[in-house]
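Model, not experiment: these values are computed from the prediction. Because only heavy atoms are used, hydrogens play no part in the values below, and waters and symmetry mates are left out as well, while side chains stay in.
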Amino acid sequence: MASAQQVLVVDDNVDVVESLSALLQCHGYETASAHNGYEACDWVRDAMPKAIIMDLGMPWMDGFGAVRAIRRMPGAQALPIIALSGSADSDSAKKAVAAGFTHHFSKPLNFDHLNQYLNSLN
């Protein structure tokens, strides 16, 4: 069973996953990682995290496909799933929320804003 503070970091860029995971761990979170939407779905099926931070643009299954699949899983309808995208425009944020994401952050990520958001979930 996942810890109440566990965050799943999903991005096809290994450096992003490692650096974001390290920052989260420094702030007291346990992390897990996936590198595409299929891995994220498998992970959520096995252990429900506190939140997911997911890149939108990934090969095989992108963030949009993954969020739709995760939302169909039992118990995942209210799971905080945060979109992480290279696009900072409001249209990208609207598309992410419409697809099922609960929040949208653009890259480069302002970690303080992300941490404040995660803390608000408690």
Side-chain angles (χ1 to χ4, degrees):
M1 190 65 181
S3 160
Q5 297 295 313
Q6 190 160 49
V7 177
L8 176 62
V9 180
V10 187
D11 199 308
D12 57 313
N13 183 323
V14 174
D15 291 337
V16 169
V17 170
E18 289 178 356
S19 59
L20 184 51
S21 294
L23 276 169
L24 288 164
Q25 289 165 12
C26 286
H27 284 82
Y29 294 94
E30 291 181 23
T31 62
S33 62
H35 299 288
N36 63 59
Y38 290 114
E39 288 180 11
C41 290
D42 288 345
W43 205 96
V44 172
R45 212 175 280 112
D46 293 339
M48 191 69 63
K50 173 190 176 175
I52 299 172
I53 302 167
M54 186 169 354
D55 184 31
L56 293 179
M58 297 179 289
W60 300 295
M61 178 190 279
D62 66 11
F64 292 106
V67 77
R68 286 190 291 270
I70 290 168
R71 289 289 181 225
R72 291 192 296 266
M73 294 180 190
Q77 291 73 29
L79 175 65
I81 305 176
I82 301 157
L84 192 56
S85 110
S87 179
D89 62 78
S90 64
D91 195 44
S92 176
K94 287 176 188 168
K95 285 179 185 173
V97 171
F101 286 92
T102 49
H103 203 75
H104 176 274
F105 287 98
S106 57
K107 295 177 185 175
L109 177 64
N110 180 323
F111 184 78
D112 288 336
H113 290 168
L114 173 65
N115 194 36
Q116 288 172 359
Y117 180 75
L118 290 172
N119 284 329
S120 77
L121 300 175
N122 292 333

Q | Smallest separation among heavy atoms of A32 and W43, with atom names | A | CB-CZ2, 3.1 Å
Q) Do any pairs count as a side-chain hydrogen bond (donor to acceptor under 3.5 Å, both in side chains) and have a residue in residues 64-81, sequence neighbours left out, and if so which ones? A) none
Q.
Tell me whether M54 shares a hydrophobic cluster with W60, the cluster being built from Ile, Leu, Val, Met, Phe, Trp, Tyr side chains joined at under 4.5 Å.
A. no
Q | Closest heavy-atom pair and its distance - A66, C41 | A | O-SG, 4.1 Å
Q.
More than 12 heavy atoms of other residues, nucleotides or ligands under 6.0 Å from NZ of K95: yes or no?
A. no
**Q.** Any H104 side-chain heavy atom under 4.5 Å of S92 side chain
**A.** yes
Q: Decide yes or no for Y117 and T102: does some side-chain heavy atom of the first lie under 4.5 Å from some side-chain heavy atom of the second?
A: yes
**Q.** Minimal non-hydrogen separation, P49 against V44, with atom names
**A.** CD-CG2, 4.3 Å
Q | Note: K94-D91 ion pair, threshold 4.0 Å (strictly below) | A | no
(Q) Using the rule that Ile, Leu, Val, Met, Phe, Trp and Tyr join whenever any side-chain heavy atoms are under 4.5 Å apart, tell me whether M73 and I81 fall into a single cluster. (A) yes
Q | same_hphob_cluster(V7, L109) at 4.5 Å side-chain heavy-atom cutoff | A | yes
Q) Donor-acceptor pair, S33 side chain versus V9 backbone, under 3.5 Å? A) no
Q.
Could you see if Y29 belongs to whatever hydrophobic cluster contains L121? Use Ile, Leu, Val, Met, Phe, Trp, Tyr and a side-chain cutoff under 4.5 Å.
A. yes
Q: From the options L56, D55, N13, select the one residue that forms a side chain to side chain contact (heavy atoms under 4.5 Å, CB included) with K107.
A: D55
Q. Quick one: side chain to side chain donor-acceptor pair (under 3.5 Å) partners of N115, sequence neighbours excluded?
A. none
